[in-house]
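See structure below.
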There are 2 protein chains.
Amino acid sequence: MSASTEFIKKLRDSGLRPTKQRIKICEILFNSEKTFHFSINKLVKLIKKNSNEKISLATVYNTVHAFKKKGYLKEISINSMQSFFDTNTSNHHHFYNLDNKELIDIHDHEVEPIKINKEIPGKRIKSIELLVKIENKN
Amino acid sequence: MSASTEFIKKLRDSGLRPTKQRIKICEILFNSEKTFHFSINKLVKLIKKNSNEKISLATVYNTVHAFKKKGYLKEISINSMQSFFDTNTSNHHHFYNLDNKELIDIHDHEVEPIKINKEIPGKRIKSIELLVKIENKN
DNA sequence: GTGAATGCAAAGGCTTTGCACGAGT
DNA sequence: ACTCGTGCAAAGCCTTTGCATTCAC
């Protein structure tokens with residue numbers, strides 16, 4: 001079974017019509033073994049590089065949000081001006097390299113379990129996200 | 001010594017001219033014993049409520065960024081659409097209440113020390129930020 | 001055929017910029 | 001006086017929206 005066929009199935013199974021554009025974006029995001037981080041901007045560039053026909057910006061936004069909603073992508077926000085999406089949706093954390101503005105994964109098993117000694121009545125923890133900013137030693 | 005006098009000194013000491021606008025914003029942000037979280041939007045509203053003369057939006061942005069640069073404010077980013085400033089610049093973490101979109105402090109001593117078993121060659125850790133998203137139990 | 005998705009351009013929200021005017025030293 | 005800060009409106013950037021067209025089922 002080709003990769004595209006899988007994506008078509010995956011899309012259909014999650015209630016998203018497997019359009020040409022969505023399949024293309026799947027191929028770009030999910031074809032590699034390795035997961036990676038991207039901004040909308042970078043994704044648009046990848047699409048341009050990867051394909052002769054362009055995908056409308058609105059469609060790129062729609063698709064990324066649809067994928068995020070379905071849980072195929074995770075958003076990592078650095079600050080009001082910078083936000084990334086991550087094709088790795090498993091539980092994990094990030095280094096943020098201040099010098100080149102890139103993210104590096106920290107796998108869950110690379111962090112000692114985080115214990116918070118504070119509770120908010122009536123609330124439950126939905127997620128714990130650790131962002132470790134790093135910079136060059138001198 | 002009045003609070004204003006202190007602010008004037010503090011501003012001058014950090015190389016910021018103690019203008020009427022900056023003093024006003026200091027009064028709003030740093031007069032209370034308690035620290036708090038705010039968005040630019042909320043700050044603008046506080047200024048309106050607190051003062052008869054308005055401060056230009058550009059000045060509010062300039063001032064907040066100047067204060068952040070001087071280390072009097074810390075920025076906490078939730079996602080690409082939401083970012084807060086914190087008058088508490090000490091080492092600490094946050095709960096983010098998904099239901100009402102508000103931040104709650106988690107003091108450093110309320111979290112067991114975070115240990116990361118991963119190093120990036122040539123890099124040093126600048127900061128560790130924990131964001132714990134919480135929601136209503138059912 | 002019908003509803004969903006796409007593409008385009010326009011609109012929107014938030015933030016920054018440019019420049020003349022005003023205020024602090 | 002000189003420089004820095006402010007205010008305003010305009011420009012910018014990123015994202016969303018509206019609507020006609022196209023596509024999947």
Side-chain angles (χ1 to χ4, degrees), chain A residues 4-5 7-28 38-48 51-70 72-73 75-85 101, chain B residues 4-29 38-48 51-70 72-73 75-85 101:
Chain A
S4 278
T5 319
F7 293 141
I8 290 170
K9 183 174 181 331
K10 188 175 167 185
L11 285 168
R12 221 186 313 253
D13 287 355
S14 43
L16 297 171
R17 287 188 179 174
T19 64
K20 204 168 35 147
Q21 293 83 347
R22 283 171 176 169
I23 295 165
K24 178 97 247 162
I25 292 174
C26 276
E27 284 169 0
I28 290 168
F38 66 94
S39 61
I40 297 281
N41 207 342
K42 186 174 164 194
L43 177 55
V44 169
K45 280 182 194 147
L46 283 173
I47 294 168
K48 272 203 194 98
S51 169
N52 358 22
E53 30 202 328
K54 65 177 293 248
I55 298 178
S56 147
L57 192 52
T59 300
V60 176
Y61 276 99
N62 282 340
T63 303
V64 166
H65 288 150
F67 286 4
K68 183 187 168 190
K69 208 165 176 181
K70 292 295 176 186
Y72 302 147
L73 293 173
E75 189 172 2
I76 299 117
S77 181
I78 308 304
N79 58 48
S80 46
M81 297 288 87
Q82 281 221 268
S83 176
F84 295 98
F85 292 90
K101 283 138 179 34
Chain B
S4 279
T5 319
E6 267 179 66
F7 293 140
I8 290 170
K9 183 175 182 332
K10 187 175 166 184
L11 285 168
R12 222 186 310 257
D13 286 355
S14 43
L16 297 171
R17 285 187 180 171
T19 64
K20 207 169 30 146
Q21 293 84 346
R22 284 171 176 167
I23 295 166
K24 178 97 245 160
I25 292 174
C26 275
E27 283 169 359
I28 290 168
L29 295 181
F38 65 94
S39 61
I40 297 279
N41 207 342
K42 187 174 162 193
L43 177 55
V44 169
K45 280 182 194 148
L46 283 173
I47 294 169
K48 273 205 194 96
S51 170
N52 358 23
E53 29 202 327
K54 66 176 291 250
I55 299 178
S56 146
L57 191 54
T59 300
V60 176
Y61 275 99
N62 283 340
T63 304
V64 167
H65 288 150
F67 287 4
K68 183 187 169 189
K69 208 165 175 181
K70 292 293 176 189
Y72 302 146
L73 292 173
E75 189 171 2
I76 300 116
S77 181
I78 308 304
N79 58 47
S80 46
M81 297 287 86
Q82 280 222 269
S83 176
F84 295 97
F85 292 90
K101 282 136 180 35

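Values reported hereafter were calculated over all heavy atoms of this structure, with side chains retained and with hydrogens, waters and symmetry mates removed.
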[X] [atom1] - [N] [atom2] separation (whole Å):
X     : N      : atom1 : atom2 : answer
A:K24 : D:dC23 : NZ    : P     : 17 Å
B:R12 : D:dG5  : CZ    : P     : 13 Å
B:I55 : C:dA23 : CD1   : P     : 14 Å
A:I25 : C:dT6  : CD1   : P     : 8 Å
A:L43 : D:dT15 : CG    : P     : 12 Å
B:F85 : C:dC14 : CZ    : C1'   : 12 Å
A:K42 : D:dC14 : NZ    : P     : 16 Å
B:D13 : C:dT25 : CG    : C1'   : 15 Å

Thinking salt bridges, do A:K24 and A:E53 make one under a 4.0 Å N-O criterion?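 So A:K24 does not pair with A:E53 through a salt bridge.
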Does some side-chain heavy atom of A:Q82 sit less than 4.5 Å from a side-chain heavy atom of A:S77?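 Sidechains of A:Q82 and A:S77: no contact.
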Beyond-backbone contact of B:R22 with B:R17, side-chain heavy atoms, under 4.5 angstrom: yes
Remember a base hit wins even if backbone is also touched, and classify A:L57 as base, sugar-phosphate or nothing at under 4.0 Å, heavy atoms. base
Under a 4.0 Å heavy-atom cut-off, which of residues 14-21 of chain A touch DNA chain D? A:R17, A:P18
For the side chain of A:S14 and the backbone of A:L11, is there at least one donor-acceptor N/O pair under 3.5 Å apart? yes
Side chain of [X]: nearest nucleotide among [options]?
X     : options               : value
A:Y61 : D:dT15, C:dT16, C:dA9 : D:dT15
A:H65 : C:dT25, D:dT16, D:dA9 : D:dT16
A:T59 : D:dC25, C:dG7, D:dG7  : C:dG7

Worked check of side-chain contact (heavy atoms from CB on, under 4.5 Å) between B:L29 and B:F85: CA-CA 10 Å; B:L29 295 181; B:F85 292 90; over 6 Å; no
Quick one: is C:dT6 close enough that its OP1 or OP2 comes under 4.0 Å of any side-chain N or O from A:S56?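 No, because none of the side-chain N or O atoms of A:S56 sits under 4.0 Å from OP1 or OP2 of C:dT6.
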Determine: side-chain N/O of A:K54 to OP1/OP2 of C:dC8, distance under 4.0 Å, yes or no.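 The answer is yes; a side-chain N or O of A:K54 sits under 4.0 Å from OP1 or OP2.
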Between B:R22 and A:I40, just flag the one whose closest nucleotide in DNA chain D comes earlier from the 5' side. B:R22
Distance to the ring centre below 6.0 angstrom and angle to the axis at most 45 degrees; does that hold for A:K10 and A:Y72?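 Yes, cation above the ring, under 6.0 Å and within 45°.
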So which of A:L73, A:I78, A:I40 actually passes side chain to side chain contact (heavy atoms under 4.5 Å, CB included) with A:F84?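 Of the listed options, the one satisfying the test is A:I78.
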